[in-house]
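These notes are about the structure you will find just below.
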Amino acid sequence: MNRERIVAIVNRKGGSGKSTTALNLGGALAELGMRVLVVDLDPQASLTRLLTDRTVECGVGTCISAPGQPAADLIQGTAAGIDLLPGDRSIEAAALALSDSPSGFLRLRRVLAPLEGYDVLLLDTPPALGFALSSAVLAAGWAILPTASTQQDIDALLDTMMAMDELEVDEMVCARRLAIVPNAVHRDRPDRGGLEALRSAYGELVAEAVPHSAAIKRALNRHLPLARTEPGAKAMAAYRALARRVKLAAEGSYGGVLSAAGA
Ligand SMILES: Nc1ncnc2c1ncn2[C@@H]1O[C@H](COP(=O)(O)OP(=O)(O)OP(=O)(O)O)[C@@H](O)[C@H]1O
Ligand SMILES: [Mg+2]
């Protein structure tokens with residue numbers, strides 16, 4: 001699996017919209033005819049619950065701990081039309097077991113490399129700067145950063161980007177920034193101000209904002225992407241635009257905002 005086809009969805013801030021973006025971007029990519037695998041690197045396993053309404057006994061962390069365990073054996077199809085490499089607390093056990101290993105962060109890349117038959121892999125990560133986030137940005141060619149738009153959210157976004165930059169300083173190849181996605185944006189003055197602040201700081205790296213949307217909540221409650229439940233909903237425009245950006249990046253023909261991304 002080519003790195004350019006792997007996209008990490010990251011932000012150290014809890015509730016910034018990472019799992020919602022993974023689900024709905026996955027749905028929008030599937031709509032474009034792409035074969036999508038989502039990988040749940042969060043020990044909370046929110047995405048696994050979202051897609052299956054269940055938890056699993058054996059998640060991706062077991063493959064990271066035991067290099068002989070092929071990830072392909074754990075993959076499940078879902079009603080959403082996208083496949084899932086599920087998550088559970090085994091990622092915490094892997095982080096502990098590999099805490100002394102300088103190459104521990106690179107294990108995930110090796111776990112994902114042999115996977116075949118997908119056009120895009122989306123990696124959902126937990127709200128922390130740590131093993132899962134570092135592993136994800138070292139396995140992925142691209143990073144998407146969903147964020148809310150208050151000043152605290154913008155500060156947390158900066159922390160996340162600085163943590164990625166620090167990995168680069170350690171001479172590891174880190175995901176390039178593909179998009180900052182303002183998420184759950186209200187039409188009120190504070191959110192509009194936050195959006196302007198984001199755009200003036202990061203320019204075209206800032207993708208179309210995903211509105212705060214009851215249709216998104218209804219889709220989450222049905223364990224399906226919005227593309228499946230209400231394809232005509234307003235919020236789909238933002239997910240479709242993001243999916244087009246991801247498709248170009250995965251196919252190696254995205255040049256749009258690389259200078260703004262600092263890539
Ligand atoms: N665009 C939106 N419109 C309405 N509600 C939203 C939207 N995006 C997210 N939410 C709500 O916010 C909650 C948190 O979003 P989500 O779980 O995607 O964040 P997260 O970054 O994955 O959280 P964590 O850091 O805990 O993994 C969702 O359960 C959903 O209820
Ligand atoms: Mg999440």
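Order of appearance sets the numbers: ligands from 1, and atoms from 1 within every ligand.
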Report summary line: Restricting to heavy atoms, the pick from T20, I216, V181 nearest atom 28 (C) of ligand 1 would be T20
Report task. May I ask whether A235 has any heavy atom positioned less than 4.0 angstrom from an atom of ligand 1? Result -> no
**Report entry** Any side-chain donor near an acceptor of the partner, D73 and Q69, under 3.5 Å
**Finding:** no
Query - D42 neighbourhood, listing ligand 1 atoms whose heavy-atom distance to it stays under 4.0 Å - result: 27 (O)
Report task. Identify the two heavy atoms, one from P127 and one from D42, that lie closest to each other, and give their separation to 0.1 Å. Result -> CD-OD2, 4.0 Å
Requested in this report: State, with a plain yes or no, whether a side-chain heavy atom of R177 is found less than 4.5 Å away from one of L145.
Outcome: yes
Query raised in the report: Is there at least one protein heavy-atom neighbour under 4.0 Å from atom 9 (C) of ligand 1?
Result: yes
Query raised in the report: For atom 20 (P) of ligand 1, which protein heavy atom lies nearest, and how many Å away is it?
Result: K18 N, 3.4 Å
Query - Option with minimal heavy-atom separation from atom 3 (N) of ligand 1, where the choices are A219, S19, S213 - result: S213
Report task. Find all atoms of ligand 1 within a distance of less than 4.0 Å from any non-hydrogen atom belonging to G14, and give their numbers and elements. Result -> 25 (O)
Report task. For residues L195 and S149, report the shortest heavy-atom separation together with the two atoms involved. Result -> N-CB, 4.1 Å
Query raised in the report: Between K13 and A128, is there a donor-acceptor pair closer than 3.5 Å when you use the side chain of the first and the backbone of the second?
Result: no
Report summary line: Candidates Q44, K217, K13; heavy atom nearest atom 26 (O) of ligand 1 found on Q44
Query - pair V10-V137: side-chain heavy atoms closer than 4.5 Å - result: yes
Query raised in the report: Hey, are the side chains of I9 and L123 touching, using non-hydrogen atoms and a 4.5 Å cut-off?
Result: no
Query - Contact summary for A215 and A233, nearest pair of heavy atoms - result: CB-CB, 3.9 Å
**Report entry** the Mg ion (ligand 2) reached by T20 (N, O or S, under 2.8 Å)
**Finding:** no
Query raised in the report: For ligand 1, which atoms have a heavy atom of V210 less than 4.0 angstrom away?
Result: 1 (N)
**Report entry** Top protein contact for atom 30 (C) of ligand 1, by heavy-atom distance
**Finding:** L220 CD1, 3.5 Å
**Report entry** R228 side chain reached by E31 side chain, heavy atoms, under 4.5 Å
**Finding:** no
**Report entry** Per-residue contact class, P211 against ligand 1 - non-hydrogen pairs under 4.0 Å
**Finding:** backbone
Query raised in the report: What do we get for N183 next to ligand 1 when only non-hydrogen atoms under 4.0 Å count, side chain, backbone, both or neither?
Result: side chain
Report task. Considering heavy atoms of the protein only, find what lies nearest to atom 19 (O) of ligand 1 and give residue, atom and distance to 0.1 Å. Result -> G17 N, 3.1 Å
Query raised in the report: Are any of the heavy atoms in G15 under 4.0 Å away from ligand 1?
Result: yes
Query raised in the report: Taking the side chain as C-beta and beyond, is there a heavy-atom pair between L198 and T147 under 4.5 Å?
Result: yes
Requested in this report: For S16, counting its heavy atoms only, list the atoms of ligand 1 lying under 4.0 Å from any of them.
Outcome: 19 (O), 20 (P), 21 (O)
